[in-house]
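Just so it is clear: chains get the letters A, B, ... in the order the sequence lines come, proteins before strands, and each one is counted from 1.
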Amino acid sequence: MARILITSALPYINGIKHLGNLVGSQLPADLYARYMRARGHEVLFLCATDEHGTPAELAAAKTGEPVADYCARLHAEQSRLAEGFRLSFDKYGRSSSPQNHALTQHFAGRLWEAGLIEERTESQVYSNADGRFLPDRYIEGTCPNCGYERARGDQCENCTKQLDPTDLIDPRSAISGSTDLEVRETKHLYLLQSKMRGALNDWIDGTTDWPILTTSIARKWLNDGEGLQDRGITRDLSWGVPVRRGTEPWPGMEGKVFYVWFDAPIEYIACAAEWAEEQGLPDAAWERWWRTERGADDVRYVQFMGKDNVPFHTLSFPVTILGSGEDWKLVDYIKAFNYLNYDGGQFSTSQGRGVFMDQALEILPADYWRWWLLSHAPETGDSEFTWENFQSSVNKDLADVLGNFVSRVTKFCRSKFGEAVPEGEYGAAEEALIEDLARRLAAYQGHLEAIEVRKAAAELRAIWVAGNEYLQAAAPWAAFKEDPARAAATIRLSLNLIRFYALISRPFVPDAADIMLRALRAPDAEWPEDVSAALRALPAGHAFDVPDVLFRKIADDERAEWQQRFSGDR
RNA sequence: GGGCCUGUAGCUCAAUUGGUUAGAGCAGAGCGCUCAUAACGCUUUGGUUGGGGGUUCGAGUCCCUCCGGGCCUACCA
């Protein structure tokens, strides 16, 4: 039995996430966590809301709430939706937790002692009307290059030229529109990532099986231009982790907080501490996952994220971990995903374009979305959600291939043999099927272990299809007339097959799997290590219930209505 | 501008890393079955692998070039 630490990228707090966010990290991470648990491994699966930064402050200001209240409310909302999608986190934490405050300050202190943090004084734009420093992209003005009037301080969207905020003509605050701006000096801490460049390079070069998407992004940042740049890790904000050196004050940094990208990955660790506290466990319980000298050397740590998060997970966070000089666990495998597009364009939070997590669950149960999203996960390139594709996948894969199999078998049995598993000896057809399933199961397991999500889904579907092929060839409805014993054997195997399907499908469609197991009155849910034994688990005479329709079909007019409803302006 | 990824059947995707005749699912066509959610099974149509050039005994795969799509480019997270 192995120990596997799994983290999903932290969703940002300012609103409800769309299906693209979901499929980019949390959902595949859940698939992997569920599978690994099912195989008997010890899993700690963590996620949390990422709550600091300017956007959170602005979102709170917009609703008129104190930012702490706003974050608490949205954390509760995201938690509820995570449960709705059956995301099986051991802990869904918060980057604003006391544990993360302490740990973030601890790392900063260690990095300072190691000479990896430097104080730098720089000039930034301050807005008197807003009473705050403005990040570059929150300053708007006329582009000196092309004359576009709504250019942002970091880049002009019109001519794509990169800008400095002081380049802008007639600059104004993007928050209030105020032109009462001034350039002020302010002191910030920089993480000297450049000093760790060699170590990071070696580390990345030492990985052999990481996705190209992950390593190519890391290499680009390591080698682009003058190489890896140092990064400012503090901000002039009120909401965040106050800057301290461990437990000591940091002279000259009063009133400043750590940059959200410094404290967010540290929350992966702090979240484990939150988990331990919630479980009433001592610190040793989480440290054995994170401190290599306390057991974490045996842990395999896998991170899931969208491609936009890769630089922070391959570079900044490892600098924090390695630079601390302490024995923290470093990630073993990074699975990165591309983007999911929506019906010919991008999902857009601001325009309300696409389907958001809350809306998805209002329309259909979690399993429908889980299946479609996972079987179309954007692994090799960006992928696209269309309603036609969603409808056809759900109707065909879930309703026809899997759901209908359960119906036809249980209903046939009820009408011919009653609601209990019939007697019957397995013959050549059954043995051939078992052999085929064993081969396919091995392939399915291989794909899941390699986190090849789409390939795993395709193989699972093929396993469902194999049941229909077998049943069609065995034709118990015909055999029943001349050779009822043969028909009984076919049905006995088919009922066992439903149980088998429930067990192996559970990581993808947990609710349907539970319904199937409940209907079969088969509460034990051990992974079918031995296919032949698994298909004999339900003995003759074992009573079962005919379940309701497992998956309903999506009708054309519904699909058309949803297509219209989610086209924009939520 | 620079870098990376990508382009394969009407649609969504594969192709053991250069090796027989490029494969699946959906959609389409035909046949079978009647247990089942008008479900299932079998057979089948469909491709100059974006265009052009090159390397090689052999290219979807490697190189060059052009065209299209996407992402990143470090103070949004």
Side-chain angles (χ1 to χ4, degrees), chain A residues 9-14 50 52-56 58 122 124-125 133-139 152-155 160-162 164-165 174 188 193 212-213 215-217 219-221 223-225 228-232 235-236 259-261 264 306-312 315-316 338-339 341 346 372 375-376 378-386 388-393 395-401 403-416 454-455 457-458 461-462 465 467-480 487 490-491 494 548-553:
Chain A
L10 309 188
Y12 197 64
I13 193 71
N14 70 340
D50 176 14
H52 299 138
T54 309
L58 296 179
E122 58 194 15
Q124 284 199 350
V125 174
F133 282 94
L134 298 177
D136 290 357
R137 68 164 44 200
Y138 284 100
I139 303 160
R152 291 188 323 209
D154 56 343
Q155 185 174 36
T160 73
K161 185 179 170 60
Q162 287 185 55
D164 191 88
H188 281 297
Q193 304 186 131
I212 294 171
L213 185 63
T215 51
S216 66
I217 292 173
R219 290 208 169 90
K220 156 78 170 155
W221 282 55
N223 302 316
D224 191 37
L228 185 61
Q229 301 295 297
D230 299 331
R231 181 181 282 276
R235 292 291 183 274
D236 288 291
Y259 175 42
V260 51
W261 261 118
K307 58 184 167 187
D308 51 331
N309 276 328
V310 169
F312 302 97
L315 305 170
S316 312
N338 288 280
Y339 291 143
N341 290 317
Q346 294 188 343
W372 189 88
S375 62
H376 293 79
E379 290 178 298
T380 50
D382 292 351
S383 67
E384 174 153 321
F385 176 92
T386 65
E388 287 84 357
N389 193 308
F390 178 66
Q391 176 190 27
S392 120
S393 289
N395 289 358
K396 203 70 203 171
D397 301 347
L398 296 181
D400 293 346
V401 178
N404 182 56
F405 180 81
V406 174
S407 286
R408 63 193 301 207
V409 170
T410 52
K411 288 180 181 172
F412 181 82
C413 185
R414 178 173 62 185
S415 78
K416 297 294 190 276
R454 275 188 318 214
K455 286 180 183 172
R461 185 190 194 279
V465 167
N468 281 305
E469 287 171 358
Y470 162 77
L471 197 59
Q472 198 66 31
W477 47 89
F480 184 73
T490 302
I491 292 304
S494 299
D548 291 336
V549 163
L550 216 50
F551 298 99
R552 75 175 186 84
K553 293 209 188 193

Quiz prompt | Spatial distance of atom CZ (A/Arg235) from atom NE2 (A/His188) [nearest 0.5 Å] | solution = 7.0 Å

Practice problem: Show your working on side chain to side chain contact (heavy atoms under 4.5 Å, CB included) between A/Trp477 and A/Leu471 and close with a plain yes or no. | Solution: CA-CA 10 Å; A/Trp477 47 89; A/Leu471 197 59; 4.2 Å; yes

Practice problem: Grab the two heavy atoms, one from A/His376 and one from A/Asn389, that are nearest each other, plus how far apart they are. | Solution: NE2-OD1, 3.2 Å

Quiz item: What does A/Val465 touch in the nucleic acid at a heavy-atom separation under 4.0 angstrom: a base, only the sugar-phosphate, or nothing?
Solution: sugar-phosphate

Quiz item: Looking only at atom C1', what distance separates B/A74 and B/G69, rounded to whole Å?
Solution: 25 Å

Practice problem: Determine, step by step, whether A/Arg414 and A/Thr410 satisfy the side chain to side chain contact (heavy atoms under 4.5 Å, CB included) criterion, reporting the C-alpha distance in whole Å, the side-chain angles of both residues, the deciding distance to 0.1 Å, and the verdict. | Solution: CA-CA 6 Å; A/Arg414 178 173 62 185; A/Thr410 52; over 6 Å; no

Quiz prompt | First of A/Ser392 and A/Lys220 reached from the 5' end of RNA chain B, by closest nucleotide | solution = A/Lys220

Self-check item: B/C62 pairs with, by Watson-Crick or G-U criteria that keep both distances under 3.5 Å
Solution: B/G54

Quiz item: Nearest heavy-atom pair of A/Pro476 and A/Ile491: which atoms, and what distance?
Solution: CG-CD1, 4.0 Å

Quiz item: Rounded to whole angstroms, how far apart are OH on A/Tyr259 and P on B/A74?
Solution: 11 Å

Quiz item: What pair of heavy atoms forms the shortest contact from A/Tyr470 to A/Thr490, and how long is it?
Solution: OH-CA, 3.4 Å

Practice problem: Look at the side-chain N and O atoms of A/Arg231 and state whether any lies under 4.0 Å from the OP1 or OP2 oxygen of B/A74. | Solution: no

Quiz item: Under 4.0 angstrom, heavy atoms only, what part of the nucleic acid is A/Leu10 near: base, sugar-phosphate, or nothing?
Solution: nothing

Practice problem: Could you pick out which residue, A/Val549 or A/Tyr12, lies toward the 5' side of RNA chain B when each is mapped onto its nearest nucleotide? | Solution: A/Val549

Self-check item: Footprint string (nucleotides 28-36 of chain B, 5' to 3'): B base within contact, S backbone only, - free, heavy atoms under 4.0 Å
Solution: ----BSSBB

Exercise. First locate atom OH of A/Tyr339, then atom CG of A/Asp308, and finally report the distance between them rounded to the nearest 0.5 Å.
Key: 3.0 Å

Practice problem: Identify, with sequence neighbours excluded, every residue that meets ring-ring contact (aromatic ring centres under 6.0 Å, His included) alongside A/Tyr12. | Solution: none

Exercise. Starting from P on B/A74, measure out to CG on A/Leu228 and report it in whole angstrom.
Key: 13 Å

Self-check item: Base partner of B/G18, which must satisfy Watson-Crick or wobble distances under 3.5 Å
Solution: none

Quiz item: Counting N and O atoms only, with roles assigned by atom type, does the side chain of A/Ser393 sit under 3.5 Å from a partner on the main chain of A/Phe390, one being a donor and the other an acceptor?
Solution: no

Quiz item: So, is B/U20 syn or anti if syn means the angle is within 90° of 0?
Solution: anti

Exercise. Kindly compute the distance separating CD (A/Gln124) from CG (A/Leu134), expressed to the nearest 0.5 Å.
Key: 9.0 Å

Quiz item: When only distance counts, do a donor and an acceptor, one from the side chain of A/Trp261 and one from the base of B/A77, lie under 3.5 Å apart?
Solution: yes

Self-check item: B/U12: pairing nucleotide in any strand, Watson-Crick or G-U under 3.5 angstrom
Solution: B/A24

Quiz item: In whole Å, what is the span from the CG atom of A/Asp548 to the P atom of B/U37?
Solution: 12 Å

Quiz item: Counting N and O atoms only, with roles assigned by atom type, does the side chain of A/Asp50 sit under 3.5 Å from a partner on the main chain of A/Pro11, one being a donor and the other an acceptor?
Solution: no

Self-check item: A/Ile217 CD1 - B/G3 C1' separation (whole Å)
Solution: 11 Å

Quiz prompt | Distance between P atoms of B/A14 and B/G54 (Å, rounded) | solution = 30 Å

Quiz item: Which whole number of Å gives the distance between the C1' atom of B/C4 and that of B/G23?
Solution: 28 Å

Self-check item: Nearest-Å distance for atom pair CG/P, residues A/Asn338 and B/C4
Solution: 16 Å

Quiz item: How far does the P atom of B/G10 sit from the matching atom of B/U49, given to the nearest Å?
Solution: 13 Å

Practice problem: Test for a donor-acceptor pair under 3.5 Å between the base of B/C26 and the side chain of A/Gln391, counting only N and O atoms. | Solution: no

Exercise. Taking atom C1' in both B/G52 and B/G68, compute the distance separating them and give it to the nearest angstrom.
Key: 15 Å

Quiz item: Considering only B/U37, B/A27, B/C75, which nucleotide approaches the side chain of A/Lys396 most closely?
Solution: B/A27

Quiz item: Between B/C64 and B/C57, how far is it from one C1' atom to the other, in whole Å?
Solution: 23 Å

Exercise. Answer yes or no: does a side-chain N or O of A/Tyr339 lie under 4.0 Å from OP1 or OP2 of B/C5?
Key: no

Exercise. Round to a whole Å and report the spacing from CG of A/Asn309 to P of B/C76.
Key: 14 Å

Exercise. Could you check whether A/Lys307 gets within reach of a base, just the sugar-phosphate, or nothing at all, counting any heavy atom under 4.0 Å?
Key: sugar-phosphate

Self-check item: Base of B/C40 paired with side chain of A/Glu469 (donor-acceptor, under 3.5 Å)
Solution: no

Quiz item: Which part of the nucleic acid, if any, lies within reach of A/Ile491 when heavy atoms closer than 4.0 Å are counted: base, sugar-phosphate only, or nothing?
Solution: nothing

Quiz item: What does A/Gly53 touch in the nucleic acid at a heavy-atom separation under 4.0 angstrom: a base, only the sugar-phosphate, or nothing?
Solution: sugar-phosphate

Quiz item: Has the side chain of A/Glu379 got a donor or acceptor atom that lies under 3.5 Å from a matching backbone atom of A/Arg454?
Solution: yes

Practice problem: Please check if the side chain of A/Asn468 supplies one atom and the backbone of A/Phe405 the other of a donor-acceptor pair under 3.5 Å. | Solution: no

Exercise. Tell me the partner of B/A38, counting only Watson-Crick (N1-N3 plus N6-O4 or O6-N4) or G-U wobble (N1-O2 and O6-N3) with both under 3.5 Å; none if nothing fits.
Key: none

Practice problem: Scan A/Arg461 against the nucleic acid and name what it touches under 4.0 Å (heavy atoms): base, sugar-phosphate only, or nothing. | Solution: sugar-phosphate

Exercise. Could you tell me the separation between the CG atom of A/Asp397 and the P atom of B/A24, rounded to a whole number of Å?
Key: 17 Å

Quiz prompt | Sugar-phosphate, base or nothing in reach of A/Pro55, heavy atoms under 4.0 Å | solution = sugar-phosphate

Practice problem: Classify every nucleotide of nucleotides 11-16 of chain B by which part a protein heavy atom approaches to under 4.0 Å, writing B for the base, S for the sugar-phosphate alone and - for neither, in 5'-to-3' order. | Solution: -SSSS-

Practice problem: Could you measure between the two C1' atoms, the one in B/G25 and the one in B/A15, and give it in whole Å? | Solution: 15 Å

Quiz prompt | Inter-nucleotide C1' distance (B/A22, B/G60), Å rounded | solution = 7 Å

Exercise. Give the rounded distance in Å between these two atoms: CG of A/Leu134 and C1' of B/C76.
Key: 13 Å

Practice problem: Scan A/Glu388 against the nucleic acid and name what it touches under 4.0 Å (heavy atoms): base, sugar-phosphate only, or nothing. | Solution: nothing

